[in-house]
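The next block holds one structure in the form of structure tokens; read it before the comments.
A note on names: the letters A, B, ... follow the listed sequences, proteins ahead of strands, and every chain is numbered from 1. These numbers come from the heavy atoms of this one structure, side chains and all, not from hydrogens, waters or symmetry mates.
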There are 2 protein chains.
Amino acid sequence: MAMRVKELADLVGISVRTLHYYDEIGLLSPEETSDSGYRLYSNDNLEMLQQILFFREIDMPLKEIKHFISCSSFDKQEALLQHQKMLLEKRNQLDKLINTVGKSLKHMKGEIQMTNKEKFEGFDFSQNPYEQEARKLWGDKAVDESNAKVAGMSKEAQKAVSEIYTKLASIRNSSPESEEAQAAIKEWYDCLNQNFGTYSLDAFKGLGQMYVDDQRFTKNIDQYGDGLAKFMCDAMGHFADANKN
Amino acid sequence: MAMRVKELADLVGISVRTLHYYDEIGLLSPEETSDSGYRLYSNDNLEMLQQILFFREIDMPLKEIKHFISCSSFDKQEALLQHQKMLLEKRNQLDKLINTVGKSLKHMKGEIQMTNKEKFEGFDFSQNPYEQEARKLWGDKAVDESNAKVAGMSKEAQKAVSEIYTKLASIRNSSPESEEAQAAIKEWYDCLNQNFGTYSLDAFKGLGQMYVDDQRFTKNIDQYGDGLAKFMCDAMGHFADANKN
DNA sequence: TGTAAGGTATTACGTAACGTGAAAGTCAAA
DNA sequence: TTTGACTTTCACGTTACGTAATACCTTACA
């Protein structure tokens with residue numbers, strides 16, 4: 001059942017180093033490790049890897065993939081449907097490109113005219129529609145989830161959240177590693193854990209990262225004070241690292 | 001007619017930085033520059049860029065692309081035909097992948113069985129057939145060209161080549177930058193220029209690089225002595241750099 | 001004719017996603 | 001028990017750019 005690293009690598013056609021790397025950045029860690037430290041991958045790991053590779057196929061950065069699949073509202077089946085849609089769009093783009101080659105050939109033989117713009121139809125790197133769409137879809141889900149969480153809180157809890165934000169905003173120009181900041185961020189951590197089940201330290205750090213990575217979070221948070229999102233991200237990162245021992 | 005860097009970048013949908021970079025590594029340099037140092041791209045430059053992007057589309061490293069398009073036997077029309085073939089193969093692979101998603105969906109619903117191998121059909125990173133094929137095709141052309149050149153030489157010239165190789169092999173353990181090595185490499189440079197039209201210093205350097213990049217060259221050259229290809233590459237690179245002023 | 005906006009050049013450091021050893025421990029078969 | 005194929009963890013290298021920073025150029029417009 002459990003596979004070792006090379007077995008998995010060979011099966012899916014990627015390198016051992018890639019699996020090591022995915023483990024290193026916490027994108028895909030083996031379900032267990034043997035006594036001697038060997039990575040042992042389960043069938044669940046394998047399915048997750050498939051999802052990751054689908055995301056990667058549409059050129060999504062690993063950081064973002066990590067966000068999406070670790071988002072609690074991530075649904076495998078829905079993801080597959082989305083992948084399907086993206087891949088179909090990618091094929092459309094590829095068809096355009098194939099058409100462009102064909103036209104270029106004719107153009108070269110002098111059979112047809114071709115504008116400069118037409119010569120590059122189908123390349124479209126800048127605003128690849130499927131990339132944007134995927135990012136939006138999965139990003140939206142994270143935002144929605146977060147909003148729903150806050151909306152579902154009691155009025156008292158909402159007030160507590162607001163107070164924590166205000167306090168953090170008032171000290172946002174000090175060091176994120178200062179005692180004061182770390183104490184305030186601990187309140188935030190405890191608040192999250194009280195209201196939404198348990199947040200692991202890693203998840204907490206990841207959440208902080210999202211505050212700066214996703215514009216919509218940044219915008220919301222920075223309403224309490226300019227640069228607060230960045231400050232919280234740093235403070236949360238430090239908090240997670242410092243409390244691991 | 002002549003376009004400035006942003007105009008071209010916007011037209012094809014890549015960044016200005018990318019064009020700067022391509023200039024920097026000598027992959028695509030503008031046909032002329034204005035008095036104030038602005039890059040001015042011609043229509044030929046634009047067509048070359050199209051070729052480059054086609055190569056890039058099948059994930060070919062820029063170094064290799066540079067080899068191929070600067071190879072004197074590079075034929076635009078033939079290249080387009082080849083691109084067409086590759087892109088069609090790529091679409092086939094994409095179809096496989098789309099099929100895999102569909103099957104995975106059904107598998108998830110419990111409608112069908114699926115082996116682990118099937119779950120990764122269509123990803124095929126390791127030995128993407130079109131990449132290999134392209135590499136082989138264009139690599140072969142370079143080798144063929146080289147062989148044809150040598151074969152077309154007079155017997156005396158062939159003997160001269162052999163002597164230069166032998167001499168180089170005998171000193172291959174000294175520094176490639178030593179006077180002795182540089183003198184011998186100058187002989188090689190002059191020999192090439194005498195027999196096959198003019199080789200620019202850049203082309204000479206590129207040729208040396210190919211000696212180590214392409215196994216077939218390495219193998220041939222190293223028959224005169226182990227490590228000779230690497231030695232020649234270094235010596236040729238230094239020769240080109242040193243003689244630019 | 002001046003000036004402000006936007007393009008451009010060069011330099012230089014940063015980044016993502018691994019590749020590529022090196023050194024040392026592990027495992028199974030012969 | 002020895003060999004050969006795997007595995008681990010550093011740790012540095014690489015590709016193809018991204019991202020400032022700084023300074024100069026060009027052009028429309030007042």
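Distances were taken from every side-chain heavy atom of Arg17(A) (C-beta onward) to each of dG18(D), dT7(D), dC18(C); the shortest belongs to dC18(C). The side chain of Arg39(B) approaches dT10(C) more closely than any other nucleotide in the set dC18(C), dT10(C), dC17(D). Of all nucleotides listed (dA17(C), dC18(C), dC17(D)), dA17(C) comes nearest to the side chain of Pro61(A). Considering only the side chain of Tyr21(A), dC18(C) comes nearest among dT7(D), dG18(D), dC18(C).
Side-chain nitrogen and oxygen atoms of Arg56(B) include at least one within less than 4.0 Å of the OP1 or OP2 phosphate oxygen of dC17(D). Contact check, His20(A) against dT8(D): a side-chain N or O comes under 4.0 Å of OP1 or OP2.
Spacing between atom OH of Tyr22(A) and atom P of dG19(C) amounts to 9 Å, rounded to whole angstrom units. For the pair Lys66(B) NZ and dT15(D) P, the computed distance is 12 Å after rounding to whole Å. The CG-P distance, from Leu40(B) to dT26(D), rounds to 10 Å in whole Å. Separating the OH atom of Tyr41(A) from the P atom of dT7(D) is a distance of 10 Å, rounded to the nearest angstrom. Between Glu7(A) atom CD and dA28(C) atom C1' there is a gap of 15 Å when expressed in whole angstrom units. In this structure, CG of Leu62(A) is placed 4 Å from P of dA17(C), rounded to the nearest angstrom. Distance Lys6(B) NZ to dA5(C) P: 17 Å, rounded to the nearest Å. The separation between Asp23(A) atom CG and dC18(C) atom C1' is 15 Å, rounded to whole Å.
Phe55(B) and Phe74(B) have tilted rings, their planes meeting at an angle from 30° to 60° on a 0 to 90° scale.
Glu32(B) contributes no side-chain N or O that, together with a main-chain N or O of Arg39(B), makes up a donor-acceptor pair within less than 3.5 Å. Of the possible donor and acceptor atoms, one in the side chain of Asn45(A) sits under 3.5 Å from a partner among the backbone N and O of Ser42(A). Between the side chain of Glu64(B) and the backbone N or O of Pro61(B) there is no donor-acceptor pair closer than 3.5 Å. Distance alone, capped at 3.5 Å, places no donor-acceptor pair between the Arg91(B) side chain and the Arg91(A) backbone. Proximity of a side-chain donor or acceptor of Glu31(B) to a complementary backbone N or O of Asp44(B) within less than 3.5 Å is not detected. In terms of modelled atom types and a separation under 3.5 Å, the side chain of Asp222(B) and the main chain of Ala229(B) share a donor-acceptor contact.
Taking only distance into account, the side chain of Tyr38(A) meets the base of dG25(C) through a donor-acceptor pair shorter than 3.5 Å. Counting distance only, with no hydrogens placed and no angle test, the side-chain atoms of Arg4(B) and the base atoms of dG7(C) include no donor-acceptor pair under 3.5 Å.
Residue contacts for Val16(B): at a heavy-atom cut-off of 4.0 Å it reaches no nucleic acid atom on any strand shown.
Sorted by residue number, the members of residues 24-37 of chain A with any non-hydrogen atom under 4.0 Å from DNA chain D read Gly37(A).
Nearer the 5' end of DNA chain D, as judged by each residue's closest nucleotide, is the contact made by Lys63(B), out of Ser15(B) and Lys63(B).
For the ring-ring contact (aromatic ring centres under 6.0 Å, His included) test, residues two or more places apart in sequence or in another chain that qualify with Phe54(A) are His83(A), Phe123(B).
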